[in-house]
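Okay, structure first, notes after.
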Amino acid sequence: MKKSINTFLVAFLGMSGVAMAQYPNTPPEVSPMPMKPEMTEIWEPQVKVVTPGKSLGDAPSDAIILFDGKNLDQWVSQRDITKPAPWKIVDNDHMEVVPNSGGIQTKMKFGDCQLHIEFSAPDVVESQGQGRGNSGVFLQNRYELQVLDSYNNRTYSNGQAASIYKDVPPLVNAMRSPLEWNTYDIIYTAVRFKADGRVDSPARITVLHNGILVQNNTTIAGLTNYIGLHMYPAAHGDDVISLQDHGNKTQFRNIWIRKL
Ligand code: MG
């Protein structure tokens, strides 16, 4: 039922006695039978219908809503996961980091996912470099997509907004001013481990920042480290998504996720 076109192609090439190649760029010299249009059509399984949100950035019908501005019911405190998330709800619209209250994390665990999250740096610009509007989105609770006010704010390139922190700089700086909202649309492929605990395939991430491609299927080198080279930790599975308290009043809104 789930045979792909390539499965058919390999079978076809095998039958014809042509050396098997997954992606040939020339037609086989000997064709045992003429190809028909329906031989490359996939009908089953049918593709699931998902209703898009009203506007770009709105949650589609199959998304899990992690934050809609009203409460932090989907989140807990990172300092004590039995306690509610300690950040502030503002105007039934967004949440704001309460500096030094600790990070927050989702109750649910995720692996491969599509994540939409909006953020804004504090309206009053304070400090500079890493001290301005710093937070972060940690995929699988370990791998940080940096959140920072990178609007007219120089810091190291792999530490600015939309970098994989201390790992890979973004392709461009797409940051809006602190008075505006930013979007991240993230497509994340979780790290895979072998049975012996070694990495089978590293995590990968694609990120659109305000609709602009900033990470293009980037390979994540490992655990986010402030000091030292990256490497992967012991084998782990799906895990929570966490948001960092870096001592700045960074704001978040409209967070939704689709499991992939
Ligand atoms: Mg950070």
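Read the numbers this way: they start at 1 and go in the same order the structure lists the ligands and their atoms. Residue numbers start at 1 and run along the sequence shown.
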note = Note: OD1(N134)-the Mg ion (ligand 1)-OE1(Q146) angle, rounded to 10 degrees, equals 90°
request  = For the pair Y165 and Y156, name the ring-plane relationship: parallel under 30°, tilted 30 to 60°, perpendicular over 60°.
outcome  = tilted
query = Do the rings of W87 and F252 sit parallel, tilted or perpendicular, given the 30° and 60° boundaries?
reply = parallel
ask   = For the rings on Y184 and H209, is their centre-to-centre separation under 6.0 Å?
value = yes
query = Is it true that some N/O/S atom of Q130, main chain or side chain, lies under 2.8 Å from the Mg ion (ligand 1)?
reply = no
message = Is Q244 close enough to the Mg ion (ligand 1) that one of its N, O or S atoms comes in under 2.8 Å?
response = yes
query = Which N/O/S atom belongs to E144 and is the closest one to the Mg ion (ligand 1)?
reply = OE2
ask   = For the hydrophobic clusters of this structure (ILVMFWY residues joined by side-chain heavy atoms under 4.5 Å, transitively), does one cluster hold both F138 and V214?
value = no
